[in-house]
> 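Below you will find the structure I want to go over with you.
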Amino acid sequence: MELENILNTAKKFLVTSHINPDPDAVMSVMALSILLKQKYKKEVFPLLEDGVPDKCLFLTEKQDIQIHKDNLLTSIEKFNPEVVVFVDVSDISKCTYQDSQAVYDYLKKYNIVSVVIDHHQMNDSSWSDIEIIKNASSTSEIIFDFFIKSNDFSKNISDLILYGILSDTNRFMYHTYDYHQTFKILPKLLDKGSVIQELYSNMFNITTEWTVVLSELFKNFQVIHVKGAKFNYTYISKDFVDGYIGGDSQNKEEKYDAVVESFYYFTNNYLASISDSKWGFSLFYDYFKKKIFASFRAVNDFVDTSKIAREFAGGGHPSASGFVVDEEDVNIVLEKVKNVIESSDIMS
Ligand SMILES: [Mn+2]
């Protein structure tokens with residue numbers, strides 16, 4: 001089965017992505033839905049179980065179509081699509097908080113075609129009918145490549161696609177993908193009037209709350225030596241989080257978001273870049289989940305950090321990985337990670 005055939009025959013498409021959606025997921029759902037509706041005259045139901053995160057609203061709210069926030073299975077039952085397109089995700093269980101097997105069974109029972117469009121390798125493709133998997137910067141880029149053949153696309157589509165690419169590459173900092181294609185389409189997007197700085201400034205809304213957390217991460221930053229390894233380390237402890245979020249019951253959610261988002265902002269932009277060690281890890285205690293989240297980052301992939309993450313049942317790529325543990329004390333996690341580094345061959 002080919003996607004082209006489906007586009008010629010089917011009329012009703014439900015487009016969805018993973019829970020806890022990042023900008024590439026949101027932009028892929030939005031851009032594909034608009035293209036299916038406007039270019040192909042399809043009936044479209046864009047859906048994200050979690051809805052659209054705040055940092056994407058400036059682009060999604062002004063569209064003719066809106067992304068629904070509802071349960072996946074319920075939406076499929078109600079909308080009754082002929083095709084469900086899963087974008088930026090290759091595992092059906094990542095698309096719903098409820099029973100993904102029930103979704104799968106429903107798709108099979110009613111002969112609904114499932115299409116996967118993603119830039120991550122698929123571990124199990126047995127559940128889908130059509131797969132478009134490419135080593136691209138982002139799913140947004142794959143959608144642009146597949147659906148836009150000439151210059152007949154709007155500034156609007158251009159902004160959505162560029163925002164997806166900027167987010168997944170962190171402004172082209174990461175390039176472990178086929179960047180030839182990315183840099184080939186980039187001038188087409190810029191020629192439409194899309195502005196990188198304008199889009200990127202919406203990705204991180206650095207509030208005064210953030211500066212409190214960022215200060216803590218800079219304050220706790222240190223370079224650690226273990227045998228031949230030298231790496232960066234910093235953390236947000238339970239004590240800090242309890243004092244910062246717990247002390248003031250007024251805006252707990254806002255402060256919690258500030259901790260999580262500024263933690264990842266620091267991790268993505270500074271963790272591996274400070275000092276000459278070129279890699280490291282950072283920890284934060286999650287106030288609501290009562291667990292410690294760990295993130296590794298490495299400049300390039302001279303060290304495979306995912307090997308360490310996997311020792312703690314986590315995962316990821318060589319240059320960016322992570323894990324979660326049932327711990328409260330960041331020092332315990334630090335010691336455990338040190339032990340793994342000491343006994344492994346990740347530096348070789
Ligand atoms: Mn993506």
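Heavy-atom basis, side chains included; hydrogens, waters and symmetry copies ignored. No experiment lies behind these values; they were computed from the predicted model shown. Just follow the structure's listing: the first ligand is 1, and inside any ligand the first atom is 1.
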> Answer with yes or no after comparing the ring centroid distance for Trp127 and Tyr104 against a 6.0 Å cut-off, counting only values under it.
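No, they do not, as the ring centres are separated by 6.0 Å or more.
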> Phe266 vs Phe218 aromatic rings, parallel, tilted or perpendicular, using cut-offs 30° and 60°?
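Perpendicular: the ring planes of Phe266 and Phe218 meet at over 60°.
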> How about NZ on Lys155, more than 12 heavy atoms from neighbouring residues, nucleotides or ligands closer than 6.0 Å, or not?
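Count over threshold, so yes.
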> Does CG in Asp124 sit with more than 12 non-hydrogen atoms of other residues, nucleotides or ligands closer than 6.0 Å?
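It does: Asp124 CG has more than 12 such atoms within range.
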> Quick one: list whatever passes salt bridge (Lys or Arg N to Asp or Glu O under 4.0 Å) with Asp54, sequence neighbours left out.
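Asp54: no salt bridge (Lys or Arg N to Asp or Glu O under 4.0 Å) contacts found.
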> Identify which protein N/O/S atoms are less than 2.8 Å from the Mn ion (ligand 1).
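Metal shell, protein only: Asp24 OD2, Asp88 OD1, His119 NE2, Asp168 OD2.
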> Would Asp286 and Lys290 pass as an ion pair if we require N to O under 4.0 Å?
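Between Lys290 and Asp286 there is no salt bridge, as every charged N stays at least 4.0 Å from the carboxylate O atoms.
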